[in-house]
Protein chains: 2
Amino acid sequence: MSVVIPEIYNVHTPLLVAVDCIIFGFNECELKLLLVKRQMEPARGEWSLMGGFLGEHESLDEAAARILNQLTGLTDVYLDQLYAHSDPDRDPGARVISVSYYALIKISQHNQELAKEHDAEWFKLSEIPKLIFDHNLMVDMALQLLRKQAKTKPVGFELLPEKFTLPQLQALYEAIYQKELDRRNFRKNVLSMGMLEKLDEKDKTGSRKGAWLYRFNISKYESFRNQGFFFNVSV
Amino acid sequence: MSVVIPEIYNVHTPLLVAVDCIIFGFNECELKLLLVKRQMEPARGEWSLMGGFLGEHESLDEAAARILNQLTGLTDVYLDQLYAHSDPDRDPGARVISVSYYALIKISQHNQELAKEHDAEWFKLSEIPKLIFDHNLMVDMALQLLRKQAKTKPVGFELLPEKFTLPQLQALYEAIYQKELDRRNFRKNVLSMGMLEKLDEKDKTGSRKGAWLYRFNISKYESFRNQGFFFNVSV
DNA sequence: GTCATTAAATGTACGATGTACACTTAATTT
DNA sequence: AAATTAAGTGTACATCGTACATTTAATGAC
């Protein structure tokens, strides 16, 4: 395969550019990661992040959204560019630069058929296997970013279902920071932000008494997301 | 020019990858940016960030350091990867992805001869001209990152000379945030961190009375830099 | 040499925020 | 009806952030 590079660019080695997605989900009080069994050489059959090559007329953001959609069937997912990984030897098959993207999805909404086709599985954070290339590093960086963002953006809400209980929200934060939080302070803080709307339903799966369901006030959410804010949870 | 891509990679268009550096400096109580007049087509002669293509056996970090060194003569500069810019039409000459890097240098230390050779000039932030392609966007993103980092990392010290006065440090923060700060609170906060060592010299260029010179306690600096900390300046 | 000028240096009081902590309530199961 | 389980609630204290005015050191002008 040969490719013509315009002469004005004095370049000897054009590069391949890939995108890899670190896909976070949350259920059963655990933060989880969606991993696939790699279907191409090199390292076929090993655990890997979901990835793919950048298309000819695509931005990296578009590529990441496309690749995420291939695996989950979801659109409009929370995606953030994380880092461009460029060690010349990171991929033994060729010189490939990979830009990692960090995705937050609602586990219940993704397409399980598609996941099966890709040999994908959810892993608890504590049970992440050895991944190909520098993918474990990407996961570490993504987790760091998640911890940073969870303080200043309402990222939690990307991971929970539409309706959720305060104990669930607290469990999410406890999973992100691997730290127990005080119930009273947590509730005081999140409620004081005015982003939550209490519903007239209870979720009784978690206890006999049942916990009130809340949902998210979208307009408050948007204004917080744009202005930047401090998510008032002490960790 | 033709390039062979391993067949195992089902890719049609390899890409060019460039690096662009947003170079910050500080003097005369102003935050400044080092810009060059572009020496290649397209857009020859227009103002631009210093950039270059990624070499065959180089990581992006190495490329950024090399490119920064070409312009300034400096090594061991504070450099952070900022973002991979990938709009398919961002460079009208070819499909080029550019990874921006953000650099903090001490203005007094850079090589002015080299700068002259590249037609480089320092611009006050308020006087940044129209730049090529998406470079103004890169500058905006870099400034945002600087503002974020200045709260959580001692980045200020990359921009000041070895010995500096507290009024200088304060002026730097005022320039970064475009906001006047209270002298007493500022001093109390920065001194309470224990990162500064008071010297037995005064700098008398700024006033009759003269201001005490300080320098930076490297070991405290390193431990803060690694652990992450909160730079205790209210802005 | 005294006075005026300039910027540097210093401390405190008040309000806001963060943080620790224990009992009651609702519903189910035995 | 008694026991169990998780949900829900308020207060007191410490820490931190923030506003604010006067004194000090040195030089230059008269």
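Treat the numbers as computed from the prediction; the structure is a model and nothing was measured. Throughout, protein chains are lettered first and strands after them, A, B, ... in sequence-line order, and every chain is numbered starting at 1.
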- Begin with the C-alpha distance, continue with both residues' side-chain angles, and end with the deciding distance and a verdict on salt bridge (charged side-chain N to carboxylate O under 4.0 Å, His left out) for A:E162 and A:R215. CA-CA 6 Å; A:E162 284 283 307; A:R215 83 171 159 220; over 6 Å; no
- Message: Tell me the closest heavy-atom pair linking A:A64 and A:L79, and the distance in Å.
- Response: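 Shortest heavy-atom separation between A:A64 and A:L79 comes out as C-CD1, 4.0 Å.
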- Note on the structure: B:Y78 and B:Q149 have their tightest heavy-atom pair at OH-OE1, 2.9 Å
d([atom1], [X]; [atom2], [N]) in whole Å:
X: A:W212; N: C:dT25; atom1: CH2; atom2: C1'; answer: 13 Å
X: A:N189; N: C:dA20; atom1: CG; atom2: C1'; answer: 13 Å
X: A:L213; N: D:dG8; atom1: CG; atom2: C1'; answer: 15 Å
X: A:L181; N: C:dG18; atom1: CG; atom2: P; answer: 14 Å
X: B:F186; N: D:dA19; atom1: CZ; atom2: C1'; answer: 17 Å
X: A:M193; N: C:dG18; atom1: CE; atom2: P; answer: 11 Å

- Message: Need the bend value for the helix from C:dG1-D:dC30 to C:dT30-D:dA1: angle between end axes, 5 pairs each end, nearest 10°.
- Response: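 Taking the rotation axis at each end, their angle is 10°.
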- If a pair satisfies salt bridge (charged side-chain N to carboxylate O under 4.0 Å, His left out) and one of its residues is in residues 63-78 of chain A, list it, with sequence neighbours excluded. A:E58-A:R66
- Message: Which residues in residues 203-210 of chain B have a heavy atom closer than 4.0 Å to any atom of DNA chain D?
- Response: B:K204, B:R208, B:K209
- Query: Using 30° and 60° as the class limits, which term best fits the ring planes of B:F157 and B:F216: parallel, tilted or perpendicular?
  - Reply: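 Ring orientation, 0 to 90° scale: parallel.
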- Message: Apply side-chain contact (heavy atoms from CB on, under 4.5 Å) to residues B:Y177 and B:R147 and explain how you reach the verdict.
- Response: CA-CA 7 Å; B:Y177 293 106; B:R147 288 187 175 140; 3.8 Å; yes
- Item | Side-chain (A:H118) to main-chain (A:L71) donor-acceptor, under 3.5 angstrom |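 No.
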Tabulate protein N/O versus nucleotide N/O from nucleotides 9-11 of chain D, keeping only pairs under 3.5 Å, one per line.
residue, atom, partner, partner atom, Å
D:dT11, O4, A:K188, NZ, 3.2

- Task: May I ask you to check whether A:D203 and A:T165 show a side-chain donor-acceptor distance below 3.5 Å?
- Result: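 There is no such pair between these side chains.
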- Item | Residue list, side chain to side chain contact (heavy atoms under 4.5 Å, CB included) with B:K209, at least two apart or on another chain |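 Side chain to side chain contact (heavy atoms under 4.5 Å, CB included) check on B:K209 returns B:K202, B:S207.
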- Go through the structure and list residues passing side chain to side chain contact (heavy atoms under 4.5 Å, CB included) with B:K188, not counting sequence neighbours.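 Scan of B:K188 (side chain to side chain contact (heavy atoms under 4.5 Å, CB included), adjacent residues dropped) gives B:N185.
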- Query: So does B:E46 pair up with B:R38, basic N to acidic O under 4.0 Å?
  - Reply: no
